[in-house]
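What follows is a single structure, written as structure tokens, with notes after it.
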Amino acid sequence: MAPTPEQRPGEDQMGDGLTVELRPIAEEELARFAVVEGTGFGLIPSPGEIEVERSVLELDRTIAAFDDGEMVATTTAFGFDMTVPGGGTVPVAGVSGVAVAATHRRRGILRSIMDLQLDDVARRGEPMAILNASEAAIYGRFGYGAASFWQSWTVDTRTARFRDPVDDALALRIVPQREAGEVLPTIYDAWRAGRPGALTHSDAWWRCVLADRMTWRGGGRLFVVVCPPEPGPDGGPGGGHAGGYAIYRIDNRGRSGAWRLIVRDVVAADDRVTARLWRYLLEVDLVSEVEAEAAPLDDPLRWLLTDVRAVQTTAVHDYLFVRLLDVAGALEARRYPIAGRLVVEVHDPFRSAGAGCYELEVADDGTARCRRVVDPGSSPVDVTLDVAELGSLYLGGVSARELARAGRILGRTPGAVERATALFDWPLAPFCVTRF
Ligand SMILES: CC(C)(COP(=O)(O)OP(=O)(O)OC[C@H]1O[C@@H](n2cnc3c(N)ncnc32)[C@H](O)[C@@H]1OP(=O)(O)O)[C@@H](O)C(=O)NCCC(=O)NCCS
């Protein structure tokens with residue numbers, strides 16, 4: 001929003017005469033920031049939770065809005081590196097903590113914050129911002145597109161039988177939470193390297209993951225089971241692998257034998273280890289139902305069992321929304337499954353800087369060159385889409401054909417939608433275990 005001449009820098013004039021100051025917070029404003037943010041989500045954070053949040057918060061990436069000196073809105077961004085299709089990583093701004101006080105809602109404060117925040121992300125040279133949304137309809141207007149999804153399951157442990165033997169030579173250990181921080185990062189990083197949408201975790205972030213914050217666990221204490229990595233060649237039983245872990249909690253409020261085990265994460269780069277962890281989770285005594293809160297769309301559990309119906313999908317949720325800022329840089333950072341050429345016309349109603357035509361040329365090895373087309377007349381446009389839809393395609397988990405069928409992508413040359421579908425596809429579903 002361009003400031004009017006009478007405005008001071010950092011002030012934004014809302015439509016109805018309200019003027020708010022937008023700026024990063026200072027250290028001493030942190031407690032208030034956490035309370036304003038928490039209130040937006042119906043929570044009042046405890047001093048312990050505020051301390052955990054402080055350990056990962058980058059103060060210069062916070063933005064708070066002040067009405068006459070009173071804090072009325074918050075947001076922040078975490079700096080992560082995100083894995084993209086092909087195993088490369090890009091720096092991203094993980095937008096979080098977006099809240100506007102109910103007293104000040106629908107007066108344009110979020111819009112001003114989004115504007116300022118994307119300027120900051122661009123200034124830092126990060127090619128994209130990501131977020132997960134409390135309500136999926138909010139962020140499309142700001143150029144964010146839903147790019148990764150997860151599914152929730154219930155599994156009836158009394159009917160779940162494994163079709164093939166699971167490798168029992170893969171030893172498991174239940175690790176106390178205080179030790180988990182030493183073993184999980186290596187396993188996580190091996191998994192992260194191949195999974196589009198996975199994010200780097202700093203040491204402080206790991207402490208946060210394992211701090212078992214009330215808001216993240218919803219009751220019960222976390223258990224961590226680990227299959228330690230085995231160096232050496234892959235091959236015979238238990239042979240070389242990068243390890244795996246599962247984090248879960250147990251709801252033991254029902255009668256014993258009818259408890260529920262709630263799986264938070266199953267992380268393993270190797271499918272044998274994934275199967276071993278799932279068998280463990282389905283065999284914990286006194287549990288009759290296992291609930292997975294967030295499994296990747298391509299998790300193989302259903303196919304590991306004799307009865308595919310033992311795994312019931314109870315929900316499919318959007319998770320990562322991607323907002324491209326440097327279109328050419330982002331498109332060059334990922335790999336593509338086939339060679340090909342596509343001229344893409346990108347509309348960006350919220351931020352005009354990135355709008356334009358881009359020529360994507362993918363070589364036989366899946367690497368790409370992308371350049372902005374200066375003279376659009378010279379290269380006929382193959383597909384037209386909004387930057388939000390390009391964000392949806394980016395991680396390889398959303399089909400261009402599906403978006404075209406919904407009228408969100410327009411094919412302009414024969415076969416262009418099919419080509420876009422094949423180019424942007426990726427065999428591993430994007431998935432992010434990071435709650436941010
Ligand atoms: C969602 C929230 C941040 C919106 O803030 P706000 O200041 O009222 O939003 P704005 O007035 O700037 O609205 C900007 C645009 O978004 C739209 N919008 C805002 N909230 C929306 C919602 N929940 N669903 C759909 N659209 C929404 C507005 O209609 C407006 O659209 P337009 O400019 O195209 O006409 C605020 O309601 C809130 O804090 N909610 C509770 C916490 C939460 O859900 N935060 C988001 C976490 S991801």
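Atoms within each ligand, like the ligands themselves, are counted from 1 in listed order.
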Next item on the list: Examine Val100 against ligand 1 and note whether any of their N/O atoms are separated by less than 3.5 Å.
Entry: yes
Check: Yes or no on side-chain contact (heavy atoms from CB on, under 4.5 Å) for Thr19 and Asp67, after CA distance, side-chain angles and deciding distance?
Finding: CA-CA 7 Å; Thr19 301; Asp67 174 10; over 6 Å; no
Next item on the list: Give yes or no for whether the N/O distance cutoff of 3.5 Å, strictly under, is met between Phe41 and ligand 1.
Entry: no
Note to self: Under a plain distance cut-off of 3.5 Å, with no hydrogens placed, do Glu345 and Thr384 share a side-chain donor-acceptor pair?
What the structure shows: yes
Notebook entry, point to check: N/O to N/O below 3.5 Å, does that happen between Ala133 and ligand 1?
Noted result: no
Checklist line | Atoms of ligand 1, numbered as shown, that sit under 4.0 Å from any heavy atom of Ser134 | finding: 43 (C), 44 (O), 45 (N), 46 (C), 47 (C), 48 (S)
Check: Of Val72, Val98, Thr74, which has the heavy atom at the shortest distance from atom 45 (N) of ligand 1?
Finding: Val98
Notebook entry, point to check: Who gets closest to atom 36 (C) of ligand 1 by heavy atom: Met114, Arg106, Arg105?
Noted result: Arg106
Next item on the list: Describe, in one word, how the ring planes of Phe436 and Phe80 are oriented to each other, choosing from parallel (under 30°), tilted (30 to 60°) and perpendicular (over 60°).
Entry: perpendicular
Notebook entry, point to check: If you look at every heavy atom in Asp298 and Pro427, which pair is closest and at what distance?
Noted result: OD2-O, 4.3 Å
Item checked: Any N/O pair Tyr139/ligand 1 closer than 3.5 Å -> no
Note to self: Is atom 13 (O) of ligand 1 near the protein, in the sense that some protein heavy atom lies at less than 4.0 Å from it?
What the structure shows: no
Margin query: Need the ligand 1 atom indices (1-based, order shown) with element for anything under 4.0 Å from a heavy-atom of Glu135.
Written below: 23 (N)
Check: Looking only at distance, does Phe142 have an N or O less than 3.5 Å from an N or O of ligand 1?
Finding: no
Check: Between Thr367 and Arg335, is any side-chain donor less than 3.5 angstrom from a side-chain acceptor?
Finding: no
Check: Any donor and acceptor pair, going by atom type alone, linking the side chain of Arg351 with main-chain N or O of Asp348 inside 3.5 Å?
Finding: no
Item checked: Side-chain donor/acceptor of Thr157 to backbone N/O of Val287, under 3.5 Å -> yes
Margin query: Heavy atoms only, cut-off 4.0 Å: how does Asn132 contact ligand 1, side chain, backbone, both, or neither?
Written below: backbone
Margin query: Can you see whether Ser112 engages Asp12 through a side-chain donor-acceptor pair at a distance of less than 3.5 angstrom?
Written below: yes
Item checked: ligand 1 to His104 polar contact by distance, N or O atoms, under 3.5 Å -> no
Check: Near Ala99, which atoms of ligand 1 are under 4.0 Å from a heavy atom of that residue?
Finding: 39 (O)
